[in-house]
Amino acid sequence: MGAVAATFVATDADGAIVGTYYLRPNQPCLGAHVANAGYVVAEAARGRGVGHALCRHSQEEARRRGFTAMQFNLVVSTNTAGVAAWSRNGFRTIGRLPGGFRHPRLGEVDALVMFKTLA
């Protein structure tokens with residue numbers, strides 16, 4: 001994953017890993033005040049609010065670390081659950097990359113850039 005500022009893991013009551021995310025600056029140097037995060041939720045845990053909880057936690061952690069905004073550079077437009085979760089968490093789509101993602105079943109689909117100010 002390259003230089004990662006921090007990685008977090010979510011577990012269920014039995015200690016099983018249900019999700020993880022990394023948090024890092026979106027860009028080096030003069031863009032380092034904007035955070036970027038990437039999330040993975042275990043297939044068995046999907047639909048249980050894990051992604052939403054990870055997103056909330058990442059925003060709190062980003063604020064704690066001094067970031068003033070968060071940006072997701074590539075949200076696959078066909079990932080309706082992800083787009084809805086990020087939207088519920090206050091992110092808005094600020095850009096669309098036509099055909100920016102090669103989906104294994106659907107072919108080239110749009111990728112979204114989503115952003116939120118944390119201040």
Side-chain angles (χ1 to χ4, degrees):
M1 285 194 281
V4 176
T7 303
F8 299 86
V9 176
T11 58
D12 65 13
D14 297 323
I17 294 173
V18 294
T20 185
Y21 75 89
Y22 65 80
L23 180 67
R24 65 180 181 203
N26 191 50
Q27 298 292 321
C29 300
L30 301 178
H33 62 291
V34 178
N36 176 262
Y39 310 85
V40 176
V41 175
E43 191 170 342
R46 292 187 182 156
R48 296 184 1 208
V50 173
H52 180 71
L54 291 173
C55 188
R56 273 196 330 263
H57 186 272
S58 68
Q59 290 176 73
E60 293 166 7
E61 189 62 25
R63 280 187 199 95
R64 191 183 75 71
R65 291 171 178 258
F67 291 105
T68 60
M70 285 186 80
Q71 180 174 320
F72 302 144
N73 299 319
L74 197 147
V75 180
V76 180
S77 61
T78 57
N79 178 2
T80 55
V83 172
W86 309 153
S87 296
R88 279 194 311 275
N89 274 280
F91 287 82
R92 60 186 176 88
T93 300
I94 61 166
R96 179 177 292 270
L97 308 168
F101 183 80
R102 286 191 175 148
H103 193 282
R105 285 188 334 273
L106 304 174
E108 292 184 0
V109 298
D110 292 355
L112 308 175
V113 178
M114 298 185 79
F115 183 86
K116 178 181 181 177
T117 301
L118 297 175

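No donor-acceptor pair under 3.5 Å is formed between the side chain of N26 and the backbone N or O of A35. A donor-acceptor pair is defined here as one N or O able to donate and one able to accept, closer than 3.5 Å; such a pair exists between the side chain of N36 and the backbone of Q71. Remark: the backbone N or O of A16 is not paired with any side-chain donor or acceptor of D14 at under 3.5 angstrom.
For A10, the side chain to side chain contact (heavy atoms under 4.5 Å, CB included) partners two or more places apart in sequence, or in a different chain, are V18, L54.
M70 and L23 make their closest contact through CE-CD1, 4.2 Å (heavy atoms, listed as atom of the first residue, atom of the second, distance). Closest heavy-atom contact between N79 and G82: OD1-N, 2.9 Å. Here the closest heavy-atom approach between residue Y39 and residue S58 is recorded as OH-OG, 2.6 Å. The shortest non-hydrogen separation linking K116 to N89 is NZ-O, 2.8 Å. The two residues M114 and S87 come nearest to each other via the heavy atoms CE-OG, 3.7 Å. In terms of heavy atoms, D110 sits closest to P98 at OD1-CA, 3.2 Å.
Within a 6.0 Å radius of CZ in R102, other residues, nucleotides and ligands contribute 12 heavy atoms or fewer. Atom CZ of R92 has 12 or fewer neighbouring heavy atoms from other residues, nucleotides or ligands inside a 6.0 Å radius.
The hydrophobic clustering, which links ILVMFWY residues whose side-chain heavy atoms are closer than 4.5 Å, places V113 and V34 together. Grouping the Ile, Leu, Val, Met, Phe, Trp and Tyr side chains by contacts below 4.5 angstrom, directly or via other members, places L106 with V76. Under the 4.5 Å side-chain heavy-atom criterion for grouping Ile, Leu, Val, Met, Phe, Trp and Tyr, F8 is connected to L118 within one hydrophobic cluster. The cluster map of Ile, Leu, Val, Met, Phe, Trp and Tyr, joined by side-chain heavy atoms under 4.5 Å apart, puts L112 and V109 in different clusters.
If you run side chain to side chain contact (heavy atoms under 4.5 Å, CB included) between V40 and each of I17, V9, T20, only T20 comes through.
To the nearest 0.5 Å, the span separating CD on Q27 from NE2 on H33 amounts to 10.5 Å.
Using a cutoff of 4.0 Å between basic side-chain nitrogens and carboxylate oxygens, E61 and R64 are scored as salt-bridged.
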Checklist line | Verdict with reasoning, F91 to Q59, per side-chain contact (heavy atoms from CB on, under 4.5 Å) | finding: CA-CA 11 Å; F91 287 82; Q59 290 176 73; 3.9 Å; yes

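Sorted by first and then second residue, the salt bridge (charged side-chain N to carboxylate O under 4.0 Å, His left out) pairs with a member in residues 35-58 form an empty list; sequence neighbours excluded.
In this structure, P25 and F67 have side chains that are in contact, with non-hydrogen atoms separated by less than 4.5 Å.
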